Amino acid sequence: MNKIKAKRYAKLLAKCGLNIKKGQTVFIAAAVDQVEFVEMVVEECYRAGAKRVVMVWQCDSVTKIDYAYQTLETLSEVTPFAEAKLKFKADDLSCRLFIESSDPDAMQGVDMEKVAKARQAQFPIIKPYRDKMENKHQWCIAAAAGKAWAKKLFPTLSDKQAVDALWEKIFVAARADGPDPIKDWARHNDDLAKKCDYLNGLRLVSLEYKSANGTDLTVGLNKNCLFLGGAEATLSNRMFNANIPSEEIFTSPKAGVAEGIVYATKPLSYQGQLIEDFSVRFAEGKVVEVKAKKNEDLLKKMVAMDEGASMLGECALIPYDSPINNTGILFYNTLFDENASCHLALGHGFTNCMMGFEDMTQEECTKKGINDSMIHVDFMIGTKDLSIVGVTASGERVQIFKDGNWAIDF
Ligand code: ZN
């Protein structure tokens with residue numbers, strides 16, 4: 001790991017990702033093999049004004065043992081101390097940083113049905129806290145180079161070389177490889193904001209996706225929803241970047257309005273397993289058929305998790321020639337792969353896309369067309385020849401993407 005770059009990246013996460021307010025508490029989730037990088041991040045959090053940093057150390061191999069030995073009943077319980085922690089976060093509106101470094105295949109061999117059932121059982125207890133925090137605190141998902149993940153990407157390199165190589169790719173993808181990543185991100189956020197302004201000015205009612213691979217899908221948009229991208233604001237107007245990297249312009253489409261079929265163009269890592277070569281067909285906004293060459297059953301279970309799991313929660317636009325796609329690497333990690341390709345997400349939508357959401361409850365947003373679900377799973381649909389046409393309320397057709405990239409010169 002290049003320590004100079006890593007320190008700049010750590011500072012970027014604290015200052016631009018979380019934008020910590022003086023006196024805030026910060027929760028950081030990271031894997032036990034990331035101590036060296038986590039030390040840098042924790043220090044930058046304190047320097048940025050945190051009064052307290054709470055570590056949530058994670059270890060996939062131990063989690064796997066828990067999954068194997070605990071009964072479904074035990075796994076399904078939200079213990080009083082887990083609930084107390086949730087309550088603290090919801091009351092305190094602490095910052096939350098998630099540093100991902102897991103092996104994409106970490107959960108292979110785990111009984112995922114049992115895990116999914118446990119999550120379903122926990123959800124009613126967790127949901128009120130999640131709703132209470134939504135749009136009110138700064139959070140950020142970023143990545144660090146884990147050994148198993150690096151070896152999957154660079155199998156011919158030694159362990160150390162592979163980890164160093166992955167770190168370099170992370171720095172490039174996260175726009176953190178220059179001398180002043182914070183300044184680079186200010187420029188990047190401005191650029192994304194310009195694109196959002198353009199799209200929002202069109203007042204689109206639907207998007208039509210077409211590609212030579214068979215994709216032919218029309219997605220309805222919400223009249224009162226905006227396209228967002230880059231930095232976002234909490235309800236108290238604190239800017240933060242929820243994803244580093246982030247290249248996308250996204251919105252929450254109208255739940256229940258989608259027709260046609262869409263083909264995934266990258267494997268989907270879901271609950272530690274890869275779903276590959278799949279398609280999803282929609283009718284009246286709901287998934288009516290899924291096909292996959294690998295892990296079709298898992299995909300079927302995913303869309304059946306709850307009612308909202310079979311409807312769309314996100315449409316995101318990313319040019320085919322994005323910096324991440326141009327690294328030429330499939331990261332097997334959604335944070336990166338979703339920012340390398342146009343994508344859709346099944347499940348939970350983003351209430352903050354809806355104008356006036358500040359004064360609305362989750363239920364009111366759901367009623368107006370923002371999907372609600374316990375899952376939010378992105379899958380990639382970008383191709384070199386993808387065409388996206390936007391249709392306005394007056395029926396005007398506007399070419400948004402042509403040959404995989406923006407059709408407009410900004
Ligand atoms: Zn997205």
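Each residue takes its place number in the sequence, starting with 1. Note that ligands are numbered from 1 as they come in the structure, with each ligand's atoms numbered from 1 the same way. Computed from a prediction, not measured in an experiment: that's the story for all the values here.
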Pairs of donor and acceptor atoms involving the side chains of residues 305-320, under 3.5 Å and at least two apart or interchain, shall be tabulated with distances.
{"residue": "D306", "atom": "OD1", "partner": "G308", "partner atom": "N", "Å": "3.3"}
{"residue": "D306", "atom": "OD1", "partner": "A309", "partner atom": "N", "Å": "3.0"}
{"residue": "D306", "atom": "OD1", "partner": "S373", "partner atom": "OG", "Å": "2.8"}
{"residue": "D306", "atom": "OD2", "partner": "S373", "partner atom": "OG", "Å": "3.3"}
{"residue": "D306", "atom": "OD2", "partner": "M374", "partner atom": "N", "Å": "2.8"}
{"residue": "E307", "atom": "OE2", "partner": "K286", "partner atom": "NZ", "Å": "3.4"}
{"residue": "S310", "atom": "OG", "partner": "E307", "partner atom": "O", "Å": "3.2"}
{"residue": "E314", "atom": "OE1", "partner": "H376", "partner atom": "NE2", "Å": "2.9"}
{"residue": "E314", "atom": "OE2", "partner": "H343", "partner atom": "NE2", "Å": "3.2"}

**Item:** For the Zn ion (ligand 1): the N/O/S atom of E338 at shortest distance
**Value:** OE1

**Asked** Nearest to the Zn ion (ligand 1), which N, O or S atom of E314 do we find?
**Response** OE2

**Asked** How would you list all residue pairs meeting ring-ring contact (aromatic ring centres under 6.0 Å, His included) that involve residues 253-283, not counting sequence neighbours?
**Response** F278-F379

**Item:** Minimum-distance atom from the Zn ion (ligand 1) among N, O or S atoms of E248
**Value:** OE1

**Message:** Given 3.5 Å as the limit, does a donor-acceptor pair link the side chain of D103 with the main chain of W149, or not?
**Reply:** no

**Prompt:** With distance as the sole criterion, is a donor-acceptor pair present between the side chains of D372 and H348 under 3.5 Å?
**Reply:** yes

